[in-house]
Structure formats: C-alpha cells, structure tokens
Amino acid sequence: MILAIESSCDESALALFDPARGLVRELISSQAAEHEKYGGVVPELASRMHLSALPLLLADFRDELAQAKTIAVTRGPGLLPCLSMGVTLARSLALARGLPVVGVNHLRAHVHSPFIAVHAQDPAGFAAARAALLPHLAIVVSGGNTLLVRVDERLRLTVVARTVDDAAGEAFDKGAKLLGLPYPGGALIEKHAQQGDVRKFVFPRGIPEKADLRLSFSGLKTALRYQLEKMSDAEVAAAMPDLCAGYQHAIIEQLVAKAGAVLDLGGYRSVGLSGGVANNRTLRARLTDAALRRGLPMRVAEPKHCGDNAGMIAFAAWADVGLPLGAAVAPAASLTVDQV
Ligand code: KG4
C-alpha cells in the first residue's frame with residue numbers, strides 16, 4: 001500500500017493506493033477560493049495553508065496509516081515553498097514509521113493518470129491491459145504545462161510537442177482575467193462559451209503549420225486584448241458568450257491540430273488526456289473524436305484526477321517504471337527536496 005502526498009501548488013491532498021484493489025481513499029483540500037481574491041496563486045500563502053491542511057488530512061487517514069508500506073510525495077515541478085511542505089511531511093512519516101519514501105514527478109503522474117481507470121477495472125489484468133495501449137500519446141494540459149508525450153512499450157517518455165510560451169490553462173486563465181472573470185477562469189470560459197458562436201470572433205491559432213509541432217498560446221491572449229480594447233464594457237458583457245466561444249475554440253483547435261499531426265506520424269495504439277484543462281468537455285469531445293477517427297482508443301483521466309491530486313501520485317509511484325519502488329529509497333533523514 002502506498003500513501004501519497006501532493007502539495008505542489010494550491011491543493012493539499014492525500015491518497016492511499018493498493019495495487020491489488022486500486023485507490024482505497026483520496027482526500028483533497030483546495031485553497032482555490034483563497035487565491036481567487038488575489039487573481040492567482042500566492043506561493044507564501046499557499047505554503048502556509050498546506051502547513052495547516054496537511055496535518056488535518058493526515059489525521060483523517062489515521063485508521064489507514066498503519067497499512068502504508070511506502071510513502072510517495074510530489075517532488076516537483078511546483079512551487080518550492082509548497083513542495084517543501086509535502087516533502088517534509090513525507091520524510092517525517094517515513095522516518096517515524098521506518099518506511100521508504102519515493103519522490104514522484106508531478107508531470108509523469110499526469111501522464112499516467114488516465115491509466116488509473118484502466119487499473120481500477122481489473123487490477124490483476126492491468127499489465128496486459130496497459131501493454132495493449134502502448135505506445136501511447138499522453139496529452140497533458142494543465143495550468144503550468146502543455147505537453148504531448150510519447151509513452152513507449154517500456155514506459156519511456158519522450159516529449160514530442162510542447163508549448164513555447166504559455167500553457168493551455170494559462171491561456172484560459174489569462175484570457176479570463178482580460179474578460180474580467182475570476183481566477184482560475186478556464187471553467188468559466190467554458191461555461192460562457194456554451195451559449196456562444198465560435199464564428200463571431202476569430203482568434204489566431206498559434207503556430208498553424210502542420211509540420212511544426214510546437215504550440216503557442218501567448219499571441220492568442222494579445223489578440224484578445226486588442227479585440228477588447230476596441231469594445232466598450234457593455235459590448236464586452238453582451239458579447240461574452242461569443243468572445244469565450246471564439247477564444248476557447250482557438251485553444252482547442254490548436255491542441256486538436258497538433259495532436260492530430262503527431263498521431264498522423266503513426267506508431268501509436270492509444271491516446272490519453274489529463275491535467276486541469278482536460279476537464280473541458282469540448283476539448284475532451286474534440287480530442288476523443290480525433291483519436292477515434294484514427295482508430296485509436298481514447299483514455300481521459302477522471303475529473304477528480306485531472307487537477308492536482310494525490311491519487312495520481314500514489315498510482316504513478318507504483319505504475320511508472322521510471323520510479324521503481326525502492327530505487328529512490330535512501331535514509332529519509334538525508335534527503336533533500338531534489339533527491340526525494
Ligand atoms: O492541473 P491544474 O491544477 O493545473 C496546474 O495547477 O498547473 O489545472 C488548473 C488549470 C487552470 O488553468 C484552469 O483554468 C484549468 O485547469 N481548467 C480548465 C477547466 N477546468 C480547469 N480550463 C478549461 N476548461 C475547464 N473546464
């Protein structure tokens with residue numbers, strides 16, 4: 001059994017994973033409402049909130065704690081003052097209970113998160129079920145990253161496409177801010193877009209050349225700013241659904257085009273989607289359609305495993321060959337954040 005701790009940004013989370021059964025328990029405490037007041041995550045505030053939330057979550061895990069044989073913790077990427085809180089708790093628990101501690105890369109965990117449901121369906125048959133899906137194209141779209149990653153038969157990861165500037169989630173959040181919507185604005189843009197017409201406002205598609213696998217979202221945000229400068233507040237309010245629809249469409253079309261270009265190079269047997277932006281229903285539908293049209297099964301991470309969560313950290317500590325249990329084990333007291 002693996003007890004995992006996640007504290008890379010503004011969610012404090014704990015999860016317990018049993019390889020024979022799946023995720024036994026997951027708890028998450030979100031700070032989003034607090035950071036909304038400041039229009040973004042304040043690292044110092046976030047780390048203080050982890051300091052108070054993590055022990056409360058741990059107290060809630062008191063009954064299951066004795067079953068944990070390994071402690072897993074997010075080692076990065078993330079905000080250093082926040083990561084330190086989780087790593088300190090992991091090291092303390094490991095030291096007190098004489099357990100090994102494994103550091104998990106947050107992005108690798110996102111890559112593996114669509115496989116949590118594959119494991120849950122049939123834990124005993126997981127190895128064969130996953131092998132049938134490899135090589136796999138993992139599309140990771142979060143607030144901090146946008147990556148298309150090839151996962152080969154030996155679970156080696158290769159980044160095949162990435163953004164050269166803003167992440168997709170960042171584009172949603174910065175666009176939302178320009179539109180006067182609260183942080184984080186991705187879900188609100190999606191909500192307004194549902195009533196909008198994607199043809200009313202046409203925004204640029206980053207790097208449109210099919211052969212160029214790089215993604216870019218910063219020009220899109222500038223285009224929105226220029227568009228809004230031409231409009232009065234009342235016009236913006238009236239056109240909010242159409243503005244959101246056009247803006248969201250430009251983000252999604254770029255992701256669908258680049259994912260399609262990568263898949264057309266061949267050699268994939270499945271596609272995965274994860275990260276906070278994977279909550280977007282239009283994106284899920286468009287990418288699922290792109291995969292199915294190429295005859296490939298699509299695996300989308302469950303909504304609770306799209307944003308930051310400890311379930312994916314526990315799962316990756318077990319399922320990712322890049323993190324063999326035991327290899328990262330060292331005397332807990334001698335580990336630094338980077339080494340964990
Ligand atoms: O994975 P995550 O927690 O990102 C990082 O912390 O890096 O996801 C947060 C991101 C935010 O940018 C948020 O606006 C975006 O995911 N997001 C969405 C939706 N729900 C969350 N973006 C578009 N549509 C959504 N429904």
Side-chain angles (χ1 to χ4, degrees), residues 6-13 28-36 39-43 46-47 49-50 74 76-80 82-83 86 104-114 116 138-147 162-163 165-179 181-194 196 217-218 220-221 224 241 243-256 272-287 300-313 316:
E6 153 68 32
S7 70
S8 61
C9 190
D10 59 344
E11 333 274 355
S12 319
I28 185 157
S29 161
S30 176
Q31 312 171 358
E34 200 57 35
H35 297 289
E36 189 188 320
V41 178
V42 183
S47 87
M49 292 187 79
H50 286 305
T74 305
L79 300 169
L80 193 63
C82 298
L83 290 165
V104 176
N105 179 297
H106 187 87
L107 288 172
R108 292 188 75 109
H110 272 311
V111 165
H112 287 274
S113 62
I116 297 176
I139 304 169
V140 179
V141 277
S142 74
N145 292 278
T146 295
L147 300 170
R162 72 189 326 155
T163 178
D165 41 53
D166 291 346
E170 208 175 344
F172 269 107
D173 296 340
K174 287 178 176 172
K177 196 169 185 176
L178 291 169
L179 289 161
L181 301 171
Y183 174 89
L188 288 167
I189 289 194
E190 178 182 21
K191 199 163 159 236
H192 285 289
Q194 274 160 11
F217 296 104
S218 65
L220 174 61
K221 171 193 68 194
L224 176 64
L243 285 164
C244 289
Y247 191 78
Q248 171 177 281
H249 189 64
I251 296 175
I252 291 176
E253 285 309 300
Q254 194 181 159
L255 285 165
V256 171
L273 177 63
S274 57
V277 184
N279 281 308
N280 187 290
R281 272 157 294 190
T282 311
L283 178 66
R284 294 165 94 106
R286 295 280 287 108
L287 284 173
V300 185
E302 277 184 74
K304 67 174 173 175
H305 296 135
C306 281
D308 296 341
N309 67 93
M312 69 173 188
I313 303 300

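Note that ligands are numbered from 1 as they come in the structure, with each ligand's atoms numbered from 1 the same way.
The nearest non-hydrogen atom to atom 16 (O) of ligand 1, considering only Ala168, Gly276, Ser8, comes from Gly276. Compare Val277, Leu79, Leu107, Asn279 by their heavy atoms: the one nearest to atom 15 (C) of ligand 1 is in Val277.
Residue-level proximity to ligand 1 for Asn280 is carried by backbone and side chain together, each with a heavy atom below 4.0 angstrom. At a heavy-atom cutoff of 4.0 Å, ligand 1 is contacted by the backbone of Cys306 but not by its side chain.
Nearest protein heavy-atom neighbour of atom 14 (O) of ligand 1: Asp173 OD1, 2.6 Å. In terms of protein heavy atoms, atom 6 (O) of ligand 1 is closest to Asp308 OD2, 3.4 Å. Closest to atom 5 (C) of ligand 1 among all protein heavy atoms lies Gly143 N, 3.4 Å.
Residues passing the side chain to side chain donor-acceptor pair (under 3.5 Å) test with Lys304, sequence neighbours excluded: Glu26. For Glu302, the salt bridge (charged side-chain N to carboxylate O under 4.0 Å, His left out) test picks out no residue, with sequence neighbours left out.
Close N/O approach between Gly144 and ligand 1 is found [any backbone or side-chain N/O within under 3.5 Å]. The N/O atoms of Phe172, backbone and side chain alike, include none that comes under 3.5 Å of an N/O atom in ligand 1. Taking distance alone, with nitrogen or oxygen atoms compared against 3.5 Å, Glu190 approaches ligand 1 more closely than that limit. Residue Gly186 places at least one N or O, backbone or side chain, under 3.5 Å from an N or O of ligand 1.
Checking side-chain atoms of Asn145 against main-chain N and O of Leu147 turns up no donor-acceptor pair under 3.5 Å. Side chain of Tyr247 to main chain of Ala171: a donor-acceptor pair is present (N/O by atom type, distance under 3.5 Å, no hydrogens or angles). In terms of modelled atom types and a separation under 3.5 Å, the side chain of Glu190 and the main chain of Arg281 share a donor-acceptor contact.
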